[in-house]
Structures are given as C-alpha cells and as structure tokens.
Engineer: 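First, the structure itself, so that you have it in front of you.
For this chain, numbers begin at 1 and follow the sequence in order.
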Amino acid sequence: MRVVIVAWAREFHFDIGFQESVLEIKRKIELLLGVPTTAQILSVSGWELVDGLDMEDYPIVNEGTRIDLTIKPMSPMLNNKRKFPIIIKFSAKQINVEVDETDSVRSLKEKIHIVEGTPIKRLSLFFSGIELDEDFRNISEYGIQKLSEITVFLKTMSRLRGDPPTKKLNIMVQTSSSLLNAASIPLEMKDTSTVNDLRQLLLSRTILPQDDYLFIHKQRIMHDNCSLRWHGVENGDSLYVFKGTISRNGY
C-alpha cells in the first residue's frame with residue numbers, strides 16, 4: 001500500500017507492506033531523508049506508532065494514510081540541516097530560492113536551472129566578490145546564510161571548458177525488502193548516463209516492474225535528468241531504489 005509521510009510541509013509518497021514493522025519504515029526514512037531512526041516519531045491522528053509493531057497491528061493505516069514525521073529535540077537532523085531563503089540576482093531580475101545549509105554549490109546551480117531553465121554549464125555564481133567555483137563544496141563553507149545575495153553571470157559558449165572523458169562505472173543497485181526481496185543488482189553504466197537512463201535500463205531488462213521509483217545515493221534523492229557524474233557516483237558505489245514518488249512545495 002502507498003502511504004504519505006508528512007514532514008517539513010512536504011509529502012513523501014512510498015509503498016510499504018502490511019507486515020513491515022514501524023522500525024523498518026523508519027529505516028527507509030533514514031535512508032531517504034537522513035533522519036536517524038532514534039530521532040523519528042511517527043504518528044497517525046496523534047497516535048504514535050510503536051517500533052515493535054507491524055502495520056497489520058494498526059488498522060488505521062491503509063492506502064493513502066498520512067503519517068506525520070516529527071523529530072525529537074536536539075536530533076542531528078535539526079542541528080545539522082537548516083533551510084533558509086537566499087536571493088539569486090541576474091542582470092535584469094532577482095529570484096528567491098530556498099536552500100539547505102548542507103547543499104553543495106552544484107545542487108544550488110541545479111535549483112537555479114530548475115527555476116530558470118538556464119544550462120548549468122553557463123552558470124557562474126559569485127558571493128561577496130568570490131566565485132563559487134567548486135561544485136561539490138558546501139555553500140555554508142562560503143559563508144552563505146539567510147538572505148545572502150548570490151550574483152549570477154552567464155558564461156559564453158567559448159568560455160565553457162570541455163567535459164572530462166566518459167568513464168564506465170560498476171555500481172550496485174540495492175532494492176528494499178518489499179521490492180524484489182532486497183536484491184542486489186550489479187550494473188555497468190557510463191558516468192554520463194542519467195538516472196532516467198538507469199531507470200529505463202532496469203525496466204527494459206524487466207528487472208523492475210513498471211512503476212514509479214526513487215533512487216538514493218548517499219542519503220540524497222537523485223534527479224532523473226542529472227547524470228551519475230553530477231551526483232558524484234563513483235566506481236563501486238551502491239544506489240538504493242524504492243517504489244514511490246515525492247511531491248514537494250518549493251525547493
């Protein structure tokens with residue numbers, strides 16, 4: 001059955017089994033959102049779900065049920081992840097974008113790309129006169145905080161550097177316990193392949209049934225149109241796949 005996990009004004013949709021325990025669901029949430037199981041409180045209509053019980057023990061949980069996720073005080077999630085708006089300034093306009101202090105420069109460029117449609121390769125970002133030129137560096141390392149102003153310059157095509165050579169990656173796709181009994185699927189992919197390419201490969205080989213899936217790498221949700229290289233996937237890495245979709249309000 002498909003349920004909705006509600007947290008931080010966002011809805012996370014994924015499938016769970018009737019015989020899955022509350023603790024197993026919390027482990028999925030930890031993998032998906034990075035929230036430790038010990039810091040999670042799951043509740044339905046004010047009733048807390050107890051770790052040792054299965055979904056069969058809760059008749060109030062069925063298809064479409066909304067399960068509220070709250071975080072215990074002083075949890076690592078609250079201490080380490082904080083969302084805030086920043087201002088993105090173009091030559092003729094400015095927009096507001098919500099970021100997480102754990103976001104990288106590359107993920108910030110991706111958010112700008114989603115809002116504006118500008119190719120990521122053309123984006124050159126500056127903060128306080130300093131170019132944010134290290135894509136995998138955390139934005140907080142540059143001192144970016146609430147309402148910081150990021151100036152965008154668009155590179156001309158002649159300034160774009162060539163991409164590094166394509167590499168082949170040997171990766172492992174790990175399914176959840178409710179999907180193919182937690183199977184481990186070895187694959188060889190190009191690092192320029194997108195997540196959608198990976199999805200289509202698994203579907204074409206009938207390894208996965210036709211459905212909606214989430215792919216996770218190092219506790220981060222992967223974007224369909226972004227490459228494995230963009231996500232920082234290295235040779236030998238594992239990717240996790242869950243049935244379901246995510247709908248978000250904002251970025």
Engineer: Could you walk me through whether V3 and V61 pass the side-chain contact (heavy atoms from CB on, under 4.5 Å) check?
Structural biologist: CA-CA 8 Å; V3 298; V61 178; 4.3 Å; yes
Engineer: Counting C-beta onward and ignoring hydrogens, is there a side-chain heavy-atom pair between I112 and L125 closer than 4.5 Å?
Structural biologist: yes
Engineer: Just wondering, do E11 and I5 contact through their side chains at under 4.5 Å, heavy atoms?
Structural biologist: no
Engineer: For the pair E20 (side chain) and G17 (backbone), establish whether a donor and an acceptor sit closer than 3.5 Å, ignoring hydrogens and angles.
Structural biologist: yes
Engineer: What distance do L203 atom CG and L198 atom CG have between them, rounded to the nearest 0.5 Å?
Structural biologist: 9.5 Å
Engineer: Which heavy atom in K111 sits nearest to a heavy atom in V99, and how many Å separate them?
Structural biologist: NZ-CA, 3.7 Å
Engineer: Decide yes or no for L169 and L187: does some side-chain heavy atom of the first lie under 4.5 Å from some side-chain heavy atom of the second?
Structural biologist: no
Engineer: Is it the case that the ring center of F215 lies less than 6.0 angstrom away from the ring center of Y240?
Structural biologist: no
Engineer: Is the shortest side-chain N to carboxylate O distance from D197 to K190 below 4.0 Å?
Structural biologist: no
Engineer: By the definition side chain to side chain contact (heavy atoms under 4.5 Å, CB included), identify the one residue from K167, E234, H231 that meets it with D191.
Structural biologist: K167
Engineer: Can you pull out every salt bridge (Lys or Arg N to Asp or Glu O under 4.0 Å) where at least one residue sits in residues 37-55? Sequence neighbours excluded, please.
Structural biologist: K26-D51
Engineer: What distance do I60 atom CD1 and M55 atom CE have between them, rounded to the nearest 0.5 Å?
Structural biologist: 9.0 Å
Engineer: Would one find more than 12 heavy atoms of other residues, nucleotides or ligands at under 6.0 Å from atom CD of Q19?
Structural biologist: no
Engineer: Check R229 against F136 and note the closest heavy-atom contact, atom names and distance.
Structural biologist: O-CZ, 4.0 Å
Engineer: Assess whether side-chain contact (heavy atoms from CB on, under 4.5 Å) is satisfied between I144 and E101, documenting all intermediate values.
Structural biologist: CA-CA 8 Å; I144 295 172; E101 61 184 6; over 6 Å; no
Engineer: If you look at every heavy atom in M189 and L201, which pair is closest and at what distance?
Structural biologist: SD-CD2, 3.4 Å
Engineer: Show the nearest heavy-atom pair for residues E131 and S124, with the distance to one decimal.
Structural biologist: OE2-OG, 2.9 Å
Engineer: For Y213, does its backbone N or O pair with a side-chain atom of R199 as donor and acceptor, under 3.5 Å?
Structural biologist: yes
Engineer: Is the closest side-chain heavy-atom distance between L69 and I41 below 4.5 Å?
Structural biologist: no
Engineer: Determine whether I95 and L154 fall in the same hydrophobic cluster, where Ile, Leu, Val, Met, Phe, Trp and Tyr are linked whenever their side-chain heavy atoms lie under 4.5 Å apart.
Structural biologist: yes
Engineer: Any non-hydrogen side-chain atom of D68 less than 4.5 Å from a side-chain atom of L42?
Structural biologist: no
Engineer: Please find the pair of heavy atoms, one from T175 and one from A183, that lie closest to each other, and give the distance.
Structural biologist: OG1-N, 2.7 Å
Engineer: Can you name the closest pair of heavy atoms from D237 and G232 and give their distance?
Structural biologist: OD2-O, 4.0 Å
Engineer: For R106 and W230, run side-chain contact (heavy atoms from CB on, under 4.5 Å): C-alpha distance rounded to whole Å, both residues' side-chain angles, the deciding distance at 0.1 Å, then the answer.
Structural biologist: CA-CA 8 Å; R106 191 57 179 260; W230 184 90; 2.6 Å; yes
Engineer: Is a donor from one side chain sitting under 3.5 angstrom from an acceptor on the other, for S238 and Q174?
Structural biologist: no
Engineer: Taking H113 for the side chain and T118 for the main chain, is one N or O donor matched with an acceptor at less than 3.5 Å?
Structural biologist: yes
Engineer: Is any side-chain heavy atom of T194 less than 4.5 Å from a side-chain heavy atom of D224?
Structural biologist: no
Engineer: Do the side chains of T65 and V44 get nearer than 4.5 Å, heavy atoms only?
Structural biologist: yes
Engineer: Using a strict cut-off of less than 4.0 Å between a Lys/Arg side-chain nitrogen and an Asp/Glu carboxylate oxygen, indicate whether E98 and K83 qualify as a salt bridge.
Structural biologist: no
Engineer: Answer yes or no: are there more than 12 heavy-atom neighbours, outside N170 itself, under 6.0 Å from its atom CG?
Structural biologist: yes
Engineer: Do V105 and D133 have side chains that approach each other closer than 4.5 Å (heavy atoms only, starting at C-beta)?
Structural biologist: no
Engineer: Just by distance, with hydrogens left out, do T102 and D100 show a side-chain donor and acceptor under 3.5 Å apart?
Structural biologist: yes
Engineer: I would like to know whether Q40 and E30 meet side-chain contact (heavy atoms from CB on, under 4.5 Å); could you show each step before the answer?
Structural biologist: CA-CA 9 Å; Q40 299 177 35; E30 179 176 9; 4.1 Å; yes
Engineer: With clusters defined by side-chain heavy atoms of hydrophobic residues (ILVMFWY) lying less than 4.5 Å apart, directly or transitively, does L23 cluster with V35?
Structural biologist: no
Engineer: Does the pair K93/E116 count as a salt bridge with the N-to-O cut at 4.0 Å?
Structural biologist: yes
Engineer: Any chance you could lay out the ring pair (Phe, Tyr, Trp, His ring centres under 6.0 Å) test for F126 and F153, step after step, and finish with the verdict?
Structural biologist: CA-CA 8 Å; F126 286 79; F153 292 96; 5.4 Å; yes
Engineer: Does the S204 side chain pair with the main chain of Q200, one donor and one acceptor, at a distance under 3.5 Å?
Structural biologist: yes
Engineer: F84 and V115: same hydrophobic cluster, using ILVMFWY side-chain contacts below 4.5 Å?
Structural biologist: yes
Engineer: I120 and L108: same hydrophobic cluster, using ILVMFWY side-chain contacts below 4.5 Å?
Structural biologist: no
Engineer: Do you reckon V50 sits in the same ILVMFWY cluster as W47, going by side-chain contacts under 4.5 Å, direct or chained?
Structural biologist: no
